[in-house]
Amino acid sequence: MVSAPPPSAGPGLRAELRFLKGVGPRRAAELERAGLRTSDDLLHRFPLRYEDRSRLVRSGDLRPGEAAAIRGRVVSTGLRQTRRRGFSLFEMLLRDDAGTFRAVWMNQPYLKTAFSAGQRVLLYGTPEWRDPGGLRLSNPQYELLGDGDRDEEEPAGEDGTDDRGETGPLHGARVVPVYERVGTLTTRQLRTLVRRALAQLPDDLDDPLPAGLRARRRLPDLSRALREAHFPPPGAPLALLDRFRTPAQVRLILEELFLFRLALEVRGQARARERKPHVVRVDDRIRRSALAVLPFRLTPGQKGALRTIVGDLCRPHPMNRLLQGDVGCGKTIVALLAALVALENGLQVAFMAPTELLAEQHYLTLRPLLARSRFRVVSLTGSQGAKARRETLAALAAGDAHLAVGTHALVQPSVGFRALGLAIIDEQHRFGVRQRATLREKGRSPDVLVMTATPIPRSLALTAYGDLDVSVIRDRPPGRTPVDTRIEPESRRDAVHALVERELRRARQAYVVCPLVDESDKVDLKAAAVMVDALARRFPGHAVDVLHGRMRPDEREAVMARFARGDVHVLVATTVIEVGVDVPGAAVMVVEDAERFGLAQLHQLRGRVGRGPGRAWCRLLYREPLSEVGRARLEAVAGTGDGFELAERDLELRGPGEVLGTRQSGLPALRVANLVRDRDIMEMARDEAERAIREGGAADLLARLDAGWTERFGLAGIG
Ligand code: ADP
Ligand code: MG
């Protein structure tokens, strides 16, 4: 698409973070891993919350339990080891014009080199009363003040030039933003980077929000909104800030949701005009043929989903439907029956899975079911030999092969269909938006069915997906015993391993999952390696292997395949365990540091066991002390086997950002908006988008934006 330079991306926002003062190659890499490459990325990452440090007090007015900012001069410092080995205490005595006060920091011995007598510092923290010792600030936030910074008598929080200048307190004496860490970058360091990025912004940034809209809603322009969202002006009410409802915050959230809705509306209109070149009909013969392949009775949930999907197939414009259902609820057979309807109508079907192993499993499931039909099932994966592949491609192009099951090998340019009428995408969130779009383009307006096992609360799915229709299977095939799930403190690991051992002796298998903070983090890999060694010693005579995110995909699949065959008995894994893979022998799932996982993630992990006959166990080990919310979350997992119920509960406990992990869920990767918190703004956005379309110019507005954001919203994939 040829387009004018995108608005909101003048040099100021496009500036690359790696050229920012204070960002070397290591930090640049850390930022990049978190998706932060430009000022635009950094500034569209909201603070987690804000702290009011403008309450500057004197030492005589420090009160236990009342957070305060205080300035003083360092009198003396000292580092001492405590009786507990490996612990240190850095102490500092300070003086202001009202007297002296103390501050201590635990286990930060390097502070010794940061402070020296005579220095001026600003501290922020909550004083506590210690007996003996008296009042002290424990682990306060600190900032060194230059002597010229500000007169001690000057009232706090009036430094109006803070946002632009490089001087003036950044971390205190004002409402300060608190950021989630990025790799090793602390909130302090991020605050400094954000301020530097803001300092580079011109005042007249191109604004993607139409001026009329801004005026109507009384919202600031982009440049001001960015400044104030990070460094709120003096007097900004903390209550509004923490609810993300100041005009600056609302403006940025609205912008994102407005563009998102606008794109959905524009695309929805195009969709409504689209017509399939083929007609699908369902008659008794087709019904009989479907019944003939069916190996069991469908559950009511499966029947309902199938009826809706077949209804879509028979309509003149293309289906665009998401089938959601917990792991093991039986989505594959529903997809197959839908495929059969298309096949009986003379159309070809593509069934795409995210890994070779899954594609293979689907192929092995589907082929025998269609063995007695006149339809030919072929498999297309990356590991196929050249000759077999050529033959398969020829058959698909000629229409001699009817159902193609495969990996992303299906979207290669060399793959062509004679009449692709239905594209089925399993575990849709595992595919890039391009791959999904490319598969769609292999047919002429084919019907598209995407499937996911990630439970997304319905209310959320509706707003998030816009014109994607959603069907949900909520029940399960009969005869499943729920996975016996319990939470246990780490100290019970031995008992848990005894359970694993018992099952290993019965020739069953186990997963041991360790959390991974960061896929590139060597520390975690080491932890996984140590775990493998420990378990190999604990379970002599059993094969223990490891699966982690640093392995190449083919290595990962090889290990997974060995586990699926039963050659590996205990699989130590980070969360990269393949979704959807059936390993009937897997009976026990042990999750280490379970409190560090999302609920949806834990539920998915649990779904890896109990996929064959016999009982199954899931043990969630946690590290003490466990917070109240932490306990509530783990107990929620133990308390229900219903993924949707859990997703709702997780929403309540944590909010959707963390819960669903947008990557995992396939929800749009919104930067500042939050689908649960911002439902009201979503409504505003929808009204404004409809208005923009009525008034014309919506397409122009969208065309001026660069391609990045449609990708982010995941629009290209379902579009
Ligand atoms: P998922 O929704 O996780 O993809 P699958 O389609 O892999 O689930 O189904 C899980 C298992 O349940 C498969 O072994 C499948 O054959 C079986 N299954 C699916 N539907 C039924 C049913 N109605 N009755 C009995 N077994 C079923
Ligand atoms: Mg599946």
Side-chain angles (χ1 to χ4, degrees), residues 290-309 321-340 349-371 377 379 403 405-407 423-431 449-456 470-483 557 560 564 577-587 589 600-601 603-614 616 618 641-644 646-647 664-666:
L291 276 178
V293 305
L294 200 59
F296 33 60
R297 286 172 65 93
L298 293 181
T299 66
Q302 287 172 316
K303 274 189 201 153
L306 182 63
R307 206 175 304 125
T308 317
I309 292 166
R321 182 169 291 277
L322 171 74
L323 177 58
Q324 268 190 303
D326 222 341
V327 282
C329 75
K331 294 183 291 294
T332 318
I333 191 73
V334 173
L336 173 68
L337 293 172
L340 201 64
V349 178
F351 194 140
M352 184 161 76
T355 66
E356 299 243 332
L357 198 59
L358 261 181
E360 168 98 7
Q361 267 192 5
H362 283 326
Y363 179 65
L364 294 176
T365 309
L366 300 181
R367 200 185 44 173
L369 291 178
L370 291 183
V377 187
S379 132
L403 172 60
V405 183
T407 57
I424 299 167
I425 301 170
D426 195 17
E427 309 296 350
Q428 55 104 14
H429 59 280
R430 297 280 306 266
F431 287 100
L449 177 67
V450 298
M451 306 198 285
T452 181
T454 307
I456 301 166
V470 181
S471 294
V472 183
I473 300 179
R474 291 209 64 148
D475 50 13
R476 283 160 180 281
R480 299 273 171 84
T481 47
V483 178
E557 285 214 29
M560 202 59 218
I577 302 175
E578 302 298 352
V579 272
V581 172
D582 254 320
V583 182
M589 166 64 64
Q601 238 177 340
H603 179 65
Q604 292 274 335
L605 286 172
R606 170 171 58 188
R608 304 293 103 220
V609 297
R611 296 175 77 90
C618 174
D642 183 329
F644 285 88
L646 262 183
Q664 272 225 51
S665 62

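For ligands, and for the atoms within them, numbers begin at 1 and follow the listed sequence. Bear in mind that the values here come from a model prediction, so they are computed numbers and not experimental data.
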At a non-hydrogen distance cut-off of under 4.0 Å, which region of Gln302 contacts ligand 1 (side chain, backbone, both, or neither)?
-> side chain

Any N or O on Gly328 sitting closer than 3.5 Å to an N or O of ligand 1?
-> yes

Short N/O distance, under 3.5 Å, between Leu298 and ligand 1?
-> no

As an exercise, identify every atom of ligand 1 less than 4.0 angstrom from a heavy atom of [X].
X      : value
Thr299 : 23 (N)
Arg297 : 22 (C), 23 (N), 24 (N)
Thr332 : 4 (O), 5 (P), 6 (O), 7 (O)

Report the C-alpha distance between Val377 and Leu369 in whole Å, list the side-chain angles of each, state the deciding distance to 0.1 Å, and finish with yes or no for side chain to side chain contact (heavy atoms under 4.5 Å, CB included).
-> CA-CA 10 Å; Val377 187; Leu369 291 178; over 6 Å; no

Would you list the pairs meeting salt bridge (charged side-chain N to carboxylate O under 4.0 Å, His left out) in which at least one residue belongs to residues 290-305, sequence neighbours left out?
-> none

contact_flag Gly325 ligand 1 heavy-atom lt 4.0 Å | no

For atom 1 (P) of ligand 1, which candidate among Lys331, Lys303, Arg476 holds the nearest heavy atom?
-> Lys331

Can Val583 and Met560 be said to form a side chain to side chain contact (heavy atoms under 4.5 Å, CB included), step by step?
-> CA-CA 9 Å; Val583 182; Met560 202 59 218; 4.1 Å; yes

Residues passing the side-chain contact (heavy atoms from CB on, under 4.5 Å) test with Cys618, sequence neighbours excluded, are Val483, Thr485, Met589, Arg606, Leu620

Candidate pair Thr308 and Arg321, rule side chain to side chain contact (heavy atoms under 4.5 Å, CB included), full reasoning | CA-CA 10 Å; Thr308 317; Arg321 182 169 291 277; 3.4 Å; yes

Candidate pair Leu336 and Ile424, rule side chain to side chain contact (heavy atoms under 4.5 Å, CB included), full reasoning | CA-CA 9 Å; Leu336 173 68; Ile424 299 167; over 6 Å; no

